[in-house]
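Here is the structure we will look at, set down as structure tokens.
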Amino acid sequence: MELILKYFPDLTEKQKEQFAALYDLYLDWNSKINVISRKDIENLYEHHVLHSLGIAKVVCFKPGTQIMDLGTGGGFPGIPLAILFPEVEFHLVDSIGKKVRVATEIANSIGLENVTSRHARAEEEKRIFDFVVSRAVMPLSNLLKIIRKNISAKQQNALPNGLICLKGGELEQEAMPFKNKTTMWDLKDIFEEDFFSTKKVVHVAV
């Protein structure tokens with residue numbers, strides 16, 4: 001928790017309680033359904049919660065913004081962002097039902113009223129959103145192909161509507177086809193922990 005407060009010192013008491021509750025909840029659920037690698041659970045706040053919140057360091061979503069978290073797994077980046085932005089709507093989507101269940105149960109346990117979830121493949125989700133967020137495992141071009149249909153034409157945030165994903169490593173080649181629409185931020189410039197040395201936030205306007 002100290003790690004979250006180090007970078008987000010202005011949390012309300014409710015937000016502090018919600019973030020603090022995550023560790024025991026994920027520990028408990030992870031023992032039943034493996035959503036975070038067993039070795040990594042002790043790094044929950046650094047590798048999962050703070051990593052998710054990297055998105056909040058590059059954009060402050062306006063109230064009423066609609067966001068889909070694609071391939072949410074156990075709820076990342078959607079749940080940490082939903083705690084931070086209680087007036088923004090988050091829709092968590094994953095093709096693996098048991099992972100969606102964990103994310104849903106944890107969101108309910110900490111009283112998040114701005115989270116919905118769906119067990120579905122991304123191609124099946126037809127709703128319209130301002131942004132799609134993802135801890136991306138697939139190449140940008142594949143992601144964009146899937147989510148283009150879901151992006152609203154109506155703009156209401158400082159960043160243009162589109163895809164915001166957390167990725168690592170060398171991305172120049174991958175982003176080349178969209179380079180005029182792509183912005184990247186190095187998380188090592190925002191968070192000083194070694195884990196973030198190769199991690200980036202990537203925004204592609206759609």
Side-chain angles (χ1 to χ4, degrees), residues 1-9 11 19 22-23 26-27 30 34-61 67-85 90 92-96 99 102-103 122 131-147 157-206:
M1 257 311 286
E2 290 75 26
L3 195 57
I4 306 305
L5 289 169
K6 173 179 168 183
Y7 294 106
F8 296 90
L11 298 176
F19 278 122
L22 292 179
Y23 186 79
Y26 276 107
L27 197 61
N30 218 48
N34 196 16
V35 289
I36 292 167
S37 115
R38 296 270 198 275
K39 293 196 292 282
D40 208 27
I41 193 80
E42 66 206 44
N43 300 313
L44 177 80
Y45 285 101
E46 183 177 325
H47 294 185
H48 301 279
V49 181
L50 190 60
H51 189 208
S52 298
L53 295 175
I55 290 172
K57 288 294 189 184
V58 305
V59 56
C60 184
F61 298 115
I67 296 175
M68 171 164 67
D69 176 5
L70 179 58
T72 187
F76 300 105
I79 285 177
L81 290 171
I83 296 173
L84 201 63
F85 297 106
F90 289 87
L92 313 183
V93 177
D94 202 285
S95 60
I96 299 171
K99 290 187 175 179
V102 172
F131 295 98
V132 171
V133 297
S134 183
R135 290 219 289 184
V137 284
M138 66 173 83
L140 285 174
S141 54
N142 298 14
L143 260 174
L144 286 161
K145 216 173 281 178
I146 295 168
I147 62 107
N157 285 273
L159 270 188
N161 291 358
L163 174 69
I164 305 173
C165 57
L166 295 157
K167 285 180 85 76
E170 288 303 314
L171 298 171
E172 279 63 29
Q173 211 60 40
E174 201 179 309
M176 192 65 77
F178 327 102
K179 70 171 190 232
N180 299 336
K181 296 185 167 188
T182 302
T183 313
M184 294 192 203
W185 295 264
D186 287 311
L187 284 176
K188 70 175 189 296
D189 298 336
I190 299 167
F191 303 137
E192 60 188 22
E193 288 69 24
D194 289 343
F195 173 73
F196 299 103
S197 63
T198 61
K199 302 280 190 284
K200 291 178 172 68
V201 178
V202 182
H203 168 252
V204 186
V206 172

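None of these values were measured; they are calculated from a predicted model.
- Atom CD1 of Ile41 and atom NE2 of His47 lie 12.0 Å apart (nearest 0.5 Å).
- Between the Asp94 side chain and the Ile96 main chain, a donor and an acceptor come within less than 3.5 Å of each other.
- By the 6.0 Å contact criterion, CG on Asp194 is open, its count of non-hydrogen atoms from other residues, nucleotides or ligands being 12 or less.
- Closest approach of Ser134 and Leu143 over heavy atoms only: OG-CD2, 4.5 Å.
- Here the shortest heavy-atom pairing between Asn34 and Ile36 reads OD1-O, 2.7 Å.
- For the salt bridge (charged side-chain N to carboxylate O under 4.0 Å, His left out) condition, no pair includes a residue of residues 40-54, sequence neighbours left out.
- At least one side-chain heavy atom of Lys57 sits under 4.5 Å from a side-chain heavy atom of Phe191.
- Side-chain atoms of Tyr26 never come within 3.5 Å of backbone atoms of Val35 as a donor-acceptor pair (strictly under, hydrogens ignored).
- The CG atom of Asn142 sits 12.0 Å away from the CD1 atom of Ile147 when rounded to the nearest 0.5 Å.
- For Phe85, the ring-ring contact (aromatic ring centres under 6.0 Å, His included) partners at least two apart in sequence or on another chain are Phe61.
- In this structure Tyr23 satisfies the ring-ring contact (aromatic ring centres under 6.0 Å, His included) test with no other residue, sequence neighbours excluded.
- A search for ring-ring contact (aromatic ring centres under 6.0 Å, His included) contacts involving His203 returns nothing, not counting sequence neighbours.
- Between atom CG of residue Leu11 and atom CZ of residue Phe19 there is a gap of 6.0 Å, rounded to the nearest 0.5 Å.
- Remark: Leu50 CG to Leu44 CG distance equals 11.0 Å, nearest 0.5 Å.
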Under 3.5 Å, side-chain donor or acceptor atoms of residues 70-84 against the rest of the protein: list the pairs with distances, not counting sequence neighbours.
{"residue": "Thr72", "atom": "OG1", "partner": "Asp69", "partner atom": "OD2", "Å": "2.7"}
{"residue": "Thr72", "atom": "OG1", "partner": "Gly75", "partner atom": "N", "Å": "3.4"}

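- The two residues Glu192 and Tyr7 make their nearest non-hydrogen contact at N-OH, 2.9 Å.
- With respect to Val49, the side-chain contact (heavy atoms from CB on, under 4.5 Å) criterion is satisfied by exactly one of Leu3, Ile4, Asn43: Ile4.
- The local environment of NZ in Lys6 is crowded, with over 12 non-hydrogen atoms from other residues, nucleotides or ligands closer than 6.0 Å.
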Which donor-acceptor pairs under 3.5 Å do the side chains of residues 162-188 make with protein atoms, sequence neighbours left out?
{"residue": "Lys167", "atom": "NZ", "partner": "Met138", "partner atom": "O", "Å": "3.0"}
{"residue": "Lys167", "atom": "NZ", "partner": "Glu174", "partner atom": "OE2", "Å": "3.1"}
{"residue": "Glu174", "atom": "OE2", "partner": "Leu140", "partner atom": "N", "Å": "2.9"}
{"residue": "Thr182", "atom": "OG1", "partner": "Phe178", "partner atom": "O", "Å": "2.7"}

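- How far CG of Leu53 is from OH of Tyr45: 11.0 Å, rounded to the nearest 0.5 Å.
- Across every non-hydrogen atom of Ala56 and Phe8, the tightest pair is CB-CE2, 4.1 Å.
- The aromatic rings of Phe196 and His51 lie tilted to each other, with the angle between the two planes from 30° to 60°.
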